[in-house]
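These notes concern the structure reproduced below.
This structure is a prediction, so every number in the text was calculated from the model and none was measured. Both counts, for ligands and for their atoms, begin at 1 and track the order of listing.
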Amino acid sequence: MVKKIWYTYDDVHRVLKELAGKIQASGVRYDAMIAIGGGGFIPARILRCFLNIPIYAVSTAYYANDFGYETNSEIKKIQWLDPMPENLAGKNVLVVDEVDDSRVTLEFVLNELQKENFAEIGVAVLHEKIKEKAGKLPEGIRYFSGITVEDWWINYPWDAEDIAAHNLLAAGHGEAQPE
Ligand code: G4P
Ligand code: MG
């Protein structure tokens, strides 16, 4: 069985404040964030409290091919910055997502964004899972993560149907629903 962990909004907020500190300490001034939806939306909004830069958004999804979802499923753009806003030309952009898991989505998004005319692309994730990565970060991309975590299934507060039960589980009290 996959091990699971629950994080509260407060946990997420605290880690994002630390992440913002790391980004600021890098000395690179990012002009805008590009959030990868849906997981990157809430982290980007909270990061904005600390970074004070605007948020743009893209979304991707996995599509099944003839072999089904398990093997060779393909990533596609659901929503993109197309055309890329002119005011982002030559700017430093920070791509934001909630989790660096397989890196397949990150690799896809970063490769696509590298085709654009940015000065510098950084990537910031709330949680960096320590595991073998199927995807690779393209060269020349600065990487920031809030915290490193084990390769467990993370339950995010924004996915909770019952936030009180979620918070109890995060505190180590509640009963997880059987699969
Ligand atoms: P990566 O490049 O950022 O590592 O992402 P990867 O393609 O490996 O992730 C596939 C999907 O699985 C992503 O959702 C990601 O958010 C989700 N995911 C990976 N690990 C976890 C986890 O521990 N907990 C949760 N809740 N989700 C996880 P997506 O297709 O981008 O969907 P969306 O929810 O962002 O819309
Ligand atoms: Mg996502």
**Study point:** Residue pair Pro157 / Val12, side-chain heavy-atom distance below 4.5 Å
**Key:** yes

Practice item. If you have a sec, work out which protein heavy atom is nearest atom 19 (C) of ligand 1 and how many Å separate them, to one decimal? Key: Asp101 OD2, 3.3 Å

Check your understanding: Which is closest to atom 26 (N) of ligand 1 by heavy-atom distance: Val104, Ile154, Thr60?
Key -> Ile154

Review point. For ligand 1, is there an N or O atom under 3.5 Å from any N or O atom of Asn155?
Key: no

Practice item. Examine ligand 1 and decide if any of its atoms is less than 4.0 Å from a heavy atom belonging to Trp152. Key: yes

Review point. Does ligand 1 have an atom that lies less than 4.0 angstrom from a heavy atom of Lys129?
Key: yes

Check your understanding: Which ligand 1 atoms are under 4.0 Å away from a heavy-atom of Gly39?
Key -> 33 (P), 35 (O)

Check your understanding: Does Gly135 have a non-hydrogen atom less than 4.0 Å from ligand 1?
Key -> no

Practice item. For atom 13 (C) of ligand 1, decide whether some protein heavy-atom distance is shorter than 4.0 Å. Key: no

Review point. Hey, is Glu112 close enough to Lys77 for a salt bridge, meaning N to O under 4.0 Å?
Key: yes

Practice item. From the options Val58, Leu94, Asp97, Val96, select the one residue that forms a side-chain contact (heavy atoms from CB on, under 4.5 Å) with Ile34. Key: Val58

Check your understanding: Quick one: do Met84 and Val123 end up in the same hydrophobic cluster if we chain Ile, Leu, Val, Met, Phe, Trp and Tyr together by side-chain heavy atoms under 4.5 Å apart?
Key -> yes

Review point. Out of Tyr62, Trp158, Trp153, whose heavy atom is nearest to atom 22 (C) of ligand 1?
Key: Trp153

Check your understanding: If you measure from each non-hydrogen atom of Glu98 to ligand 1, which part falls under 4.0 Å: side chain, backbone, both or neither?
Key -> side chain

Exercise for review: Keeping to residues at least two apart or across chains, list the side-chain hydrogen bond (donor to acceptor under 3.5 Å, both in side chains) pairs with something in residues 9-21.
Suggested key: Thr8-Asp11, Asp11-Arg14

Review point. Heavy atoms only: which of Asp97, Val99, Val2 is nearest to atom 3 (O) of ligand 1?
Key: Val99

**Study point:** Numbering as shown, the atoms of ligand 1 that approach Ser102 to under 4.0 Å (heavy-atom distance)
**Key:** 4 (O), 6 (P), 7 (O), 8 (O)

**Study point:** Under 3.5 Å: N/O of Ile36 near N/O of ligand 1
**Key:** no

Check your understanding: Is there at least one pair of N or O atoms, one from Thr105 and one from ligand 1, spaced under 3.5 Å apart?
Key -> yes

Check your understanding: What pairs of residues pass the ring-ring contact (aromatic ring centres under 6.0 Å, His included) test when at least one of them lies in residues 73-114, not counting sequence neighbours?
Key -> none

Review point. Charged N to carboxylate O under 4.0 angstrom, Asp31 versus Lys91?
Key: no

Check your understanding: Are any non-hydrogen side-chain atoms of Phe50 and Ile23 less than 4.5 angstrom apart?
Key -> no

Practice item. Give a yes or no on whether Leu81 and Ile36 share a hydrophobic cluster (residues Ile, Leu, Val, Met, Phe, Trp, Tyr; joining criterion: side-chain heavy atoms under 4.5 Å apart). Key: yes

**Study point:** Cation-aromatic face contact Lys22/Phe144, 6.0 Å, 45 degrees
**Key:** no

Point to revise | ligand 1 atoms in contact with Gly37 (distance to a heavy atom under 4.0 Å) | key: 35 (O), 36 (O)

Check your understanding: Taking His166 for the side chain and Tyr7 for the main chain, is one N or O donor matched with an acceptor at less than 3.5 Å?
Key -> yes

Review point. Does the N or O separation between Arg103 and ligand 1 drop below 3.5 Å for any pair?
Key: yes

Review point. Which atoms of ligand 1 sit under 4.0 Å from any heavy atom of Gly38?
Key: 33 (P), 35 (O), 36 (O)

Check your understanding: Would you say atom 29 (P) of ligand 1 touches the protein, meaning some protein heavy atom is under 4.0 Å from it?
Key -> no

